[in-house]
Structures are given as structure tokens and as C-alpha cells.
Amino acid sequence: MKKKVLIISASPRRGGNSDYLCNEFMRGAQETGHDVERIFFHDKKINYCLGCGSCYKTNKCVQKDDMAEVLDKMVEADVLVFGTPVYFYTIDAQLKTLIDRTVPRYTELKGKAYLIAALADEERGSISGTLAAFRGFMDCLENVAEAGTIIGYGAWNKGDIVGNPAVGEAYKAGKKC
């Protein structure tokens, strides 16, 4: 069955390690015939949440930036894929900003979600904060299943992910999403 897949790469570096993994997921999903769109966060103007609470009543944010468009696409997707580098054992500020800005419509997010992350550390425990942040977001959503995580260990410098087992995992996950 053809699915609508939305990949959000929160990497601050185009072609960075987590961005590279997002591209591999996209390649696998496209080869399977899914309708895939990839958003590179850095290309969008998405401000921090103001915490004003206006969206609680209106389901719309008062800010006039690109988030309303991105949120529409998130709501329409069957599969959500979030790519992030890991900084200080958690998701990067870009992905956290995006998550915070889903408040106006987070109750509409449904389906399956994948986390794609790249980190420099080789220790398996060093991803626990990232997984906790991702799963904390998912716990707030209804009818969302964690479809999988793809973690690229040992990728510090741009390009370190090439040849990493996570590259093949991302491609295969895209094919079976």
C-alpha cells in the first residue's frame, strides 16, 4: 500500500551524518513506491514556541513563520521520520523546536514514527537521552507507534556515517515503511 512519508531532517548541516541517513531512508521509501517528501529544517523559518497559550483555543499559532505549513504536512503523513544529530546525549535544538511547535495540532498526529539519529559516541548508553526525548514526544500523541530507530554510532565529522551499518538500516527501513 502506497503511503505518504514525511521526513524531517533537523540537521543543521546539509549532508551531515543524520541528514545522510534521512536521504537513505528516503531512497528506500521512494524505490518502494511511497509518496515521499523531505523537509530540511534549516531551509525553513521556524521560531521557538512563545508559550503564550493562544493555540489552546484556536489550534493555530500566532507566529507567522513556516511551521503551519510543516505541521499541515505532518498531520497528512502516514509515516513521520525525524532525523537528528545527537548533541550532549539528546536531540538537537532544531528538532526540539519543531516538537514544541506542534502544540496547536499535536492531537492530530497519527501513524508511525521513526527516529534517525547520528552520534559521535560509540557507547550504546549514550543514546538514552535522545530516545527519551523522542519517546516523550510520542507518549503525548494518540495512535502513534514507534516504527523503529536507526542509530549511527561513531559519526562525529561530516561523512563519518558513510560505511556505517546505520546507512543500510535506514535504507531497509525506508523500503519497509
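A side chain to side chain contact (heavy atoms under 4.5 Å, CB included) with L115 holds for exactly one of V81, T84, I150; it is T84.
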May I have the step-by-step check of side-chain contact (heavy atoms from CB on, under 4.5 Å) for T97 and Q94, ending in yes or no?
-> CA-CA 5 Å; T97 297; Q94 290 83 346; 5.8 Å; no
For V62 and C52, run side-chain contact (heavy atoms from CB on, under 4.5 Å): C-alpha distance rounded to whole Å, both residues' side-chain angles, the deciding distance at 0.1 Å, then the answer.
-> CA-CA 9 Å; V62 297; C52 67; 4.1 Å; yes
Under the side-chain contact (heavy atoms from CB on, under 4.5 Å) criterion, do D35 and V5 qualify, and how do the steps go?
-> CA-CA 6 Å; D35 181 16; V5 179; over 6 Å; no
Begin with the C-alpha distance, continue with both residues' side-chain angles, and end with the deciding distance and a verdict on side-chain contact (heavy atoms from CB on, under 4.5 Å) for Y153 and D121.
-> CA-CA 6 Å; Y153 293 96; D121 204 330; 5.9 Å; no
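Side-chain contact between D19 and R13 is absent, with no heavy-atom pair separated by less than 4.5 Å. Using a 4.5 Å cut-off on side-chain heavy atoms (C-beta onward), F134 and E146 make contact. By the 4.5 Å heavy-atom criterion applied to side chains, H34 and C177 are counted as neighbours. Side chains of R14 and H42 form no contact here, defined as non-hydrogen atoms less than 4.5 Å apart. Counting heavy atoms from C-beta on, the side chains of V79 and V36 never come closer than 4.5 Å. Residues F41 and L95 have side chains not in contact (no heavy-atom distance under 4.5 Å, counting atoms from C-beta outward). Under the 4.5 Å side-chain criterion, counting only non-hydrogen atoms from C-beta, F82 is not in contact with I91. In this structure the side chain of S126 never reaches within 4.5 angstrom of the side chain of V86, judged on heavy atoms.
Both L131 and L98 belong to a common hydrophobic cluster when Ile, Leu, Val, Met, Phe, Trp and Tyr are linked at side-chain heavy-atom distances under 4.5 angstrom. Residues I46 and L71 are members of one and the same hydrophobic cluster, defined by side-chain heavy-atom contacts under 4.5 angstrom among Ile, Leu, Val, Met, Phe, Trp and Tyr. Placement of M138 and L109 within a single hydrophobic cluster is found when ILVMFWY residues are connected by side-chain heavy-atom separations under 4.5 Å, directly or transitively. No chain of hydrophobic side-chain contacts below 4.5 Å, direct or via other Ile, Leu, Val, Met, Phe, Trp or Tyr residues, connects V144 to I7. Both I99 and I8 belong to a common hydrophobic cluster when Ile, Leu, Val, Met, Phe, Trp and Tyr are linked at side-chain heavy-atom distances under 4.5 angstrom.
The 12-atom threshold is exceeded at NZ of K110, counting heavy atoms of other residues, nucleotides or ligands nearer than 6.0 Å. Applying the 6.0 Å contact sphere to NZ of K158 captures more than 12 heavy atoms from other residues, nucleotides or ligands. In Y89, the OH atom is not crowded: 12 or fewer heavy atoms of neighbouring residues, nucleotides or ligands sit closer than 6.0 Å. A 6.0 Å sphere centred on OH of Y48 holds no more than 12 heavy atoms belonging to other residues, nucleotides or ligands.
D65 and K44 are not joined by a salt bridge, as no carboxylate oxygen comes within less than 4.0 angstrom of a charged side-chain nitrogen. A salt bridge links R27 to E24: one of the charged nitrogens lies within less than 4.0 Å of a carboxylate oxygen. By the 4.0 Å N-to-carboxylate-O rule, K96 lies close enough to D100 to be salt-bridged with it.
Remark: the backbone N or O of I161 is paired with a side-chain donor or acceptor of N17 at under 3.5 angstrom. Judged by distance alone, the side chain of K60 and the main-chain N or O of K57 form no donor-acceptor pair under 3.5 Å. Here the side chain of D78 pairs a donor or acceptor atom with the backbone of K4 at under 3.5 angstrom. Without hydrogens or angle criteria, N59 side chain to R105 main chain gives no donor-acceptor distance under 3.5 Å.
A pairwise comparison of heavy atoms in A118 and S18 identifies CB-N, 3.7 Å as the closest pair. The minimum heavy-atom distance linking C140 with Y106 is given by the pair O-CE1, 3.3 Å. Closest heavy-atom contact between T90 and A133: OG1-CB, 3.7 Å. Considering every non-hydrogen atom in both P12 and P85, the closest pair reads CD-CG, 3.8 Å. Contact detail for K112 and A147: the closest heavy-atom pair is CB-CB, 3.9 Å. Closest non-hydrogen pair, A117 versus L21, comes out as O-CD1, 3.8 Å.
We find the CD1-CD1 distance between I116 and I151 to be 9.0 Å, quoted to the nearest 0.5 Å. Distance OG/S11 to CG/D92: 7.0 Å, rounded to 0.5 Å. In this structure, the separation between CE on M67 and CG on D72 is 9.5 Å, given to the nearest 0.5 Å. Note that CG of L50 is 7.0 Å distant from CZ of R101, once rounded to the nearest 0.5 Å. Note that CG of L6 is 6.0 Å distant from CD of E37, once rounded to the nearest 0.5 Å. Once rounded to the nearest 0.5 Å, the distance linking CZ of R135 with OG1 of T130 reads 10.5 Å.
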